[in-house]
Every structure is written in C-alpha cells, then in structure tokens.
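What follows is one structure encoded as structure tokens, with my remarks underneath.
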Number of protein chains: 2
Amino acid sequence: MRARLKDVAAKAGVAPNTASTILNRRPNSWASKETEQRVFDAAKELGYRPSRAALGLRMGSFKTIGLVIPDLHNPYYTAFADRFERKLRDHGYDLIVEHSRNNIEFEMHCLESILDRQIDAVTYFVSDFDRHIDFLKTAKKAGKAVVGMTGLSAAEDPFPFDSVEIDFSVGLIDAVEHLLALGHENFAFLCALAAGQEAGDRPQVFNEMLKERGIPEGNNVFIACTHKMANVYEVFKRFLLEAGDSRPTALIAMNDLSAIGAIRAAEDAGLRVPEDLSVIGVDNIPLGDYLHRKLTTIEQPIEAMAESAVRMLLKRLSDQEIDFQTMRFDSKLIIKETTAKVRT
Amino acid sequence: MRARLKDVAAKAGVAPNTASTILNRRPNSWASKETEQRVFDAAKELGYRPSRAALGLRMGSFKTIGLVIPDLHNPYYTAFADRFERKLRDHGYDLIVEHSRNNIEFEMHCLESILDRQIDAVTYFVSDFDRHIDFLKTAKKAGKAVVGMTGLSAAEDPFPFDSVEIDFSVGLIDAVEHLLALGHENFAFLCALAAGQEAGDRPQVFNEMLKERGIPEGNNVFIACTHKMANVYEVFKRFLLEAGDSRPTALIAMNDLSAIGAIRAAEDAGLRVPEDLSVIGVDNIPLGDYLHRKLTTIEQPIEAMAESAVRMLLKRLSDQEIDFQTMRFDSKLIIKETTAKVRT
DNA sequence: TTGTAGGCGTTATCAT
DNA sequence: ATGATAACGCCTACAA
C-alpha cells in the first residue's frame with residue numbers, strides 16, 4: 001500500500017497535521033529546522049505523494065481543469081491542447097482532455113463527465129450555443145469557471161461567459177481577395193460539420209462576402225461533409241466529377257485536414273493543384289508545410305489563444321465576481337503553394 | 001453548490017444510506033417501489049451526481065485508467081487512444097490521457113502523475129525499459145495494474161508485466177524484401193528518437209537484416225532525428241545533399257509522419273518520389289491515403305492491440321493473481337504509391 | 001425497512 | 001512549537 005501522511009508523520013515522530021503543515025510549507029508553523037528535515041526525509045524515503053482524492057474532497061478542488069476538443073485526430077486541436085496544458089501546468093494546474101468525436105450529443109456527455117470530477121473549470125469549443133446553454137447554466141450554478149472558444153462572432157447575444165473569440169472574417173476576406181486577385185471567379189466552400197451540427201448561416205455569409213465583391217451568387221457553391229477524411233474525399237471528388245467543366249477554380253476548405261483530402265480528390269479527378277484548382281485551408285497545421293505543395297491556409301493564433309484562455313481561467317478562479325471578458329483574435333492568411341493564377 | 005447525497009435523501013424523506021442503497025441498485029434494500037421512485041425523482045430533480053472525489057476516497061478507485069502516449073500530435077497514438085477509450089468506456093471505465101512529449105524524463109512525470117490520481121491502471125508505450133523499472137516496481141507495490149505496449153521484442157528478459165507486443169520484424173522484413181525485389185541496393189533508415197532515448201541496437205538490427213540478404217554494410221545508413229517535423233526535414237535534406245550521387249534509393253522511416261517530412265525534403269533536394277527515391281513509413285495513419293502519393297507503410301493493428309490491452313487490463317483488475325500475459329501482434333506491409341523500381 | 005457510526009487521507013481550527 | 005479533533009461526501013456494517 002502507498003504511504004499516507006500518517007505514515008510519514010509516524011516515521012518522523014510528529015503528528016499528521018504537523019507533517020502536513022511542514023510539507024505544504026505553510027508559514028504558521030515555526031517548526032524547528034531539525035523537525036522539518038526529519039519530516040522531509042521521511043516523506044522522501046517513503047515516496048510519499050498526497051492522495052488527490054483526499055485532497056479533492058477536502059479542498060473541493062483538484063487543481064485540474066478540463067478541456068473538451070471536438071476531434072483528437074485534428075492536429076489543430078491537439079496543438080491547442082498542448083499549449084494550453086503547458087501554460088496551465090506553469091500555474092500548478094493539471095489538464096484533462098476529452099474529445100467529443102465531432103458529435104454534439106456526445107459533447108454533452110464529455111462536459112457532464114468533466115463536471116463530475118470536481119474539476120475547477122472547463123474550456124471548450126463552442127459549436128452550438130443553443131444546445132449548450134443548459135450545461136452552461138448547470139456549470140455556473142456549480143460554481144465552475146467556463147471559458148468558451150467561439151468562432152464567427154454571430155449576431156447572437158454575446159456569449160455570457162468568459163470567451164476567447166477567433167474572428168475568421170479577416171483571414172477569410174483576405175483569402176477571397178487573394179483568389180480574386182489571381183483571377184478566380186468560381187468558388188467552392190467545403191465545410192466539415194460535426195454530427196448533429198447545422199451549416200447555419202455559413203452559406204449566406206459566404207454568398208454575401210462574394211456578392212459584395214461582384215461575384216454573383218451562382219458562382220459559388222457550399223459543400224458540406226463530415227470530418228472523416230474518407231467522406232471529405234468522396235464528397236468532393238463526386239462533386240468535381242459531376243460539376244465537369246463548370247467546376248469552381250478555387251476551394252476554401254474550413255480546415256486543413258479537409259483541404260488535404262480535397263486536394264487528393266482533385267488530383268484523382270484529373271486536376272492539378274494549384275494549376276487547375278487553388279486550395280486554401282484553415283488552421284495552418286504544421287503538417288501543411290511538408291506536403292507535396294505547401295498548403296495555403298488561414299492561420300489562427302493558437303499560442304496566443306491558449307494563453308488568453310489560461311489567463312481568463314486563472315482570473316476567474318481567483319475572483320468569481322469580475323465581469324465576463326472576451327478576448328478577440330484575428331485569423332490571418334498565409335500564402336504558400338496551393339494557390340495560383342486561374343488558367344485562361 | 002452542488003447537490004449531495006444528503007440533499008437527495010432529505011428531499012425524498014429518507015436516510016442518506018437508504019438513498020445510497022437505492023441509487024446504486026443494491027439488492028439488499030427492499031425499499032418499496034414507491035420510496036425508490038421518490039429517491040430517483042429527487043436525484044434527478046436536484047441533478048445529483050455522486051462526487052468522484054468522495055467515491056475515489058471511499059472505494060480506493062476512480063474507475064479510471066490512465067494512458068501515457070509519447071506524442072499527442074501523432075495520429076497513430078491518438079487513434080490508439082481513441083479505440084482504447086471506446087472499449088474502456090464499454091466496461092464502465094474512464095480514460096485519462098497524458099502525453100510525454102517524446103521526452104523520457106517527462107514520461108516519468110506523467111506516470112507519477114497518473115499514480116497520484118488513485119487510478120486503477122496504467123497503459124503506456126514502453127520506450128526504455130531500464131528507465132521505467134523503478135516506476136514499474138512502485139506501481140506494482142501500489143497494487144496498480146500495468147499494461148505495456150512494447151516494440152521490438154528485444155533479447156531482454158520478458159517484460160515482467162502484462163504486455164501487448166508488436167513485432168515489427170515481419171513488416172520490416174517484408175518491406176526490405178519488397179525493396180530488394182524492386183532492385184534497390186542502397187538503403188537509409190530514418191529513426192525519430194525521443195529526447196533522452198538512445199538508438200540502441202536498431203542500427204545493428206537493420207545491418208543484420210540486410211547482410212543476411214546480401215547487402216553489404218556500407219550500403220545502408222542509419223539516420224537519427226527528433227520527432228519534430230522541422231528537424232526530420234532538415235536532417236534528411238542535409239543528408240541527401242551531402243550524400244550526392246551516392247545517396248540511397250530507398251528510405252524506411254520509422255513512422256509515417258517522419259516519412260512525410262522526408263518526402264518533402266527529398267523533393268526539395270530535387271528528387272521525385274517514388275521515381276528517384278522509394279519511401280516506406282510505419283503506422284499506416286489514415287492521412288497517408290490522401291497525400292500526393294499514398295504512403296507505402298508498415299501497418300500496426302491498433303484496433304486489435306487496443307482491444308487486447310483492454311482485455312488484459314480488465315482481467316488483471318478483476319484478478320490480481322493470474323500470471324502475466326503477453327499478446328503478440330504482427331505488423332504488415334501495405335504497398336501503396338511511394339515505392340517504385342529503382343532507376344537504372 | 002431505516003438509522004447510526006466509522007473511516008477513507010487531508011487540512012484547518014483550536015488548544016496545549 | 002506541536003498535537004488533538006472535526007470536517008469534506010460517500011459507502012458499509014451493524015443496530016434498531
């Protein structure tokens with residue numbers, strides 16, 4: 001059996017609480033240096049490590065925060081989780097990661113499960129605010145801190161929690177204008193949706209953006225697929241084959257992974273990238289730089305986003321009463337090798 | 001504040017222990033159907049969820065098992081984690097994933113941290129047995145189950161714990177013979193090593209394997225790099241440029257991600273894949289099928305491996321006394337598009 | 001059928 | 001400067 005505090009105390013010849021005080025370097029104990037040393041030695045010798053269960057029970061907190069990501073297989077999210085954990089650890093917190101498998105139903109399960117663990121706070125990627133509102137209320141009632149990572153700052157009321165907001169529009173507009181400058185006039189938008197997730201107003205947003213720049217509505221198409229590579233590939237390849245000569249010359253895929261699948265689909269449909277089809281992804285995953293053609297992409301500043309999330313979390317945990325905050329970040333177009341002038 | 005058992009009991013007008021008995025569906029309570037219903041209703045109404053902290057403390061177990069993977073960014077490991085978690089959940093266990101960032105030092109920290117959490121068992125990828133032996137002893141003493149995922153079944157004594165063993169040699173031999181059949185005579189082996197990890201006997205193993213097949217030792221080179229894509233790229237590109245015309249015509253990279261980085265390095269060094277350089281990876285990550293050239297690779301049966309690991313874990317948890325077991329799996333060469341006849 | 005008491009490992013309060 | 005005691009939420013005997 002593992003050594004408990006009691007064992008350490010016994011070995012050092014002091015009472016458990018004394019040992020506790022010393023081990024935690026609490027100031028109110030003016031124990032003699034010599035006693036302290038005895039306790040430290042005993043702890044080390046026994047390989048003592050405090051029980052998180054007991055700690056959690058006693059303190060009402062595990063010094064642990066939860067993160068729910070939609071997809072464990074997407075480097076974008078794992079990169080975020082990684083940064084997030086590092087920063088958290090610097091402040092003495094542990095991280096537990098759950099992944100909702102791109103399934104909104106299951107995401108609820110993840111959130112609940114995190115709440116069960118007497119976790120101090122939850123950070124998650126807000127995919128569907130309406131479906132999460134109940135969870136958010138529960139979390140609030142339980143006194144848990146919540147930080148939401150939110151996308152398109154929709155017309156909705158502001159997210160009633162701390163949030164890190166990524167504004168796609170900047171990068172997206174730059175992407176579109178980059179393509180327009182290259183002479184493109186026919187666009188496709190490929191959007192991987194989570195199970196149970198609706199396209200929402202995305203198609204309209206794209207239409208609008210293009211119309212403002214003189215591209216008629218008929219010149220762009222919105223394609224929905226799932227997050228599975230196989231599905232992305234199939235859907236886009238079929239689309240290309242059916243579209244024939246009236247196919248778009250430029251594709252914006254809403255994440256890099258789908259962009260990769262789409263590129264191969266295009267190649268298998270007889271197109272070259274970027275000569276016949278320009279492709280822009282979103283996320284700027286590291287892998288993008290090592291493909292046959294480096295993937296032009298819209299970058300999100302995950303490092304800064306993770307840091308902000310942690311800062312907000314810590315602030316909230318130390319002071320429940322402050323107002324909710326929102327940090328905004330801009331996305332940014334990174335031009336690499338998958339876009340080219342449209343062929344005439 | 002969150003509802004406790006006491007609150008539920010009070011609301012239902014019964015004693016806490018009665019509520020406990022009912023909620024846990026223990027048979028010895030012959031509470032009236034009506035009382036039971038009152039308790040269930042009260043629990044639901046209050047949103048009662050038992051405290052994992054208290055449960056863990058009382059029961060000495062969190063019904064949670066830990067998994068330490070070397071790299072959260074490698075789809076191979078996340079795929080394993082995913083399968084592993086599904087199977088575990090089917091049996092009522094939760095999973096906590098830590099990643100050691102390809103750092104053996106840090107891996108120890110992860111393992112310790114998992115032990116701290118009153119976790120029931122640990123599964124991890126054994127990278128360096130000697131450095132883990134102390135941890136293993138501790139875990140055993142603490143009564144934790146351990147399942148190791150082990151690679152090359154080295155000459156060492158058998159792993160003194162339950163283990164899932166993947167035998168690379170089958171796939172590796174097939175890969176080499178595949179390349180020999182294509183006329184290759186000069187080989188490179190690219191091996192990403194974790195921080196603090198030694199190449200060990202890998203170079204000798206490769207040499208041996210080739211010598212047995214009539215390839216002199218001078219015809220193959222062992223290249224070590226880290227797990228960072230940037231490093232893989234740099235190291236391999238420099239190697240190619242320095243090697244010049246005496247460069248190998250075939251590369252076996254010890255994981256798919258490195259293979260991808262190496263391919264781009266080769267392209268940037270003016271080589272075409274597979275015409276000028278054949279490349280074989282290891283892992284068969286899904287992404288490999290969507291590259292410009294589908295990546296020929298050595299597959300590991302992660303689905304079956306995850307299932308075995310779970311089976312062993314459960315068996316061990318229900319009966320400490322059985323002998324240690326080892327499940328063996330073979331790797332398998334999957335020929336796709338990155339190998340070709342050597343140019344003459 | 002229900003209530004009472006003890007303990008899991010820890011920290012906090014109060015007394016010595 | 002140190003030690004005894006209670007409490008965190010839950011489960012499990014055992015007593016009523």
Side-chain angles (χ1 to χ4, degrees), chain A residues 1-40 42-43 46-64 92 115-120 142-143, chain B residues 1-40 42-43 46-64 115-120 142-144:
Chain A
M1 196 50 199
R2 195 153 155 177
R4 293 144 302 167
L5 183 58
K6 192 167 57 175
D7 303 320
V8 175
K11 180 148 196 158
V14 299
N17 52 356
T18 307
S20 167
T21 306
I22 292 172
L23 256 17
N24 293 311
R25 303 179 180 286
R26 267 187 298 265
N28 66 326
S29 162
W30 285 10
S32 67
K33 288 290 164 210
E34 191 233 336
T35 306
E36 292 198 353
Q37 200 51 53
R38 275 211 321 281
V39 171
F40 282 126
L46 264 39
Y48 169 74
R49 321 213 65 196
S51 151
R52 312 270 310 201
L55 232 39
L57 186 56
R58 188 60 175 76
M59 312 296 257
S61 145
F62 274 151
K63 289 288 264 180
T64 297
L115 239 46
D116 281 357
R117 293 173 183 273
Q118 307 262 21
I119 261 177
D120 303 307
Chain B
M1 196 50 197
R2 196 151 152 177
R4 295 144 301 168
L5 182 58
K6 193 167 56 175
D7 303 320
V8 176
K11 179 148 199 158
V14 299
N17 56 348
T18 309
S20 166
T21 306
I22 292 172
L23 256 17
N24 294 316
R25 303 178 180 286
R26 266 191 300 267
N28 66 328
S29 161
W30 285 8
S32 67
K33 289 287 165 213
E34 191 235 336
T35 306
E36 292 197 353
Q37 200 50 53
R38 272 211 324 280
V39 172
F40 282 126
L46 266 38
Y48 170 74
R49 320 213 66 193
S51 150
R52 313 252 334 183
L55 229 43
L57 188 56
R58 185 60 175 80
M59 311 296 253
S61 146
F62 274 151
K63 288 289 264 181
T64 298
L115 238 47
D116 282 357
R117 292 172 184 273
Q118 307 264 17
I119 259 176
D120 303 307
K144 303 299 177 187

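Note that this is a predicted model, so its numbers are computed, not measured. Each chain gets a letter, A, B and so on, in the order its sequence line appears, and its residues count up from 1.
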Exercise. If you measure from OG1 on A:Thr18 to CG on A:Leu23, what distance do you get to the nearest 0.5 Å?
Worked result: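 The distance works out to 11.0 Å.
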
For this session: Report the distance from atom CG of B:Leu115 to atom CZ of A:Arg49, rounding to the nearest 0.5 Å.
Result: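 Rounded to the nearest 0.5 Å, the CG-CZ separation comes out at 8.5 Å.
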
How many Å lie between [atom1] on [X] and [atom2] on [N], as a whole number?
X	N	atom1	atom2	answer
B:Arg117	C:dG9	CZ	P	18 Å
B:Arg52	C:dC8	CZ	C1'	17 Å
B:Glu36	C:dT1	CD	C1'	12 Å
A:Ile22	C:dT11	CD1	P	12 Å
B:Lys33	C:dT1	NZ	P	11 Å

For this session: Might you point out which heavy atoms bring A:Ser51 and B:Gln118 nearest each other, and give the distance in Å?
Result: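 Closest heavy-atom pair between A:Ser51 and B:Gln118: OG-NE2, 2.9 Å.
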
For this session: Return the minimal non-hydrogen interatomic distance between A:Leu5 and A:Tyr48, and the atom names on each side.
Result: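 Of all heavy-atom pairs spanning A:Leu5 and A:Tyr48, the closest is N-CE1, 3.4 Å.
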
Exercise. Taking the nucleotide of DNA chain C with the closest heavy atom to each, which residue, B:Thr35 or B:Leu57, is nearer the 5' end?
Worked result: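 The answer here is B:Thr35.
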
Problem set entry | Protein-to-nucleotide contact annotation, 5' to 3' order, nucleotides 10-16 of chain D [B base; S sugar-phosphate only; - none; under 4.0 Å, heavy atom] | BBBB---

Exercise. Are A:Gln37 and A:Lys33 close enough that some pair of their side-chain heavy atoms sits under 4.5 Å apart?
Worked result: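 No, side chains not in contact.
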
For this session: Answer yes when A:Arg52 and B:Asp116 have at least one side-chain N-carboxylate O distance shorter than 4.0 Å, and no when they do not.
Result: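 Salt bridge: no.
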
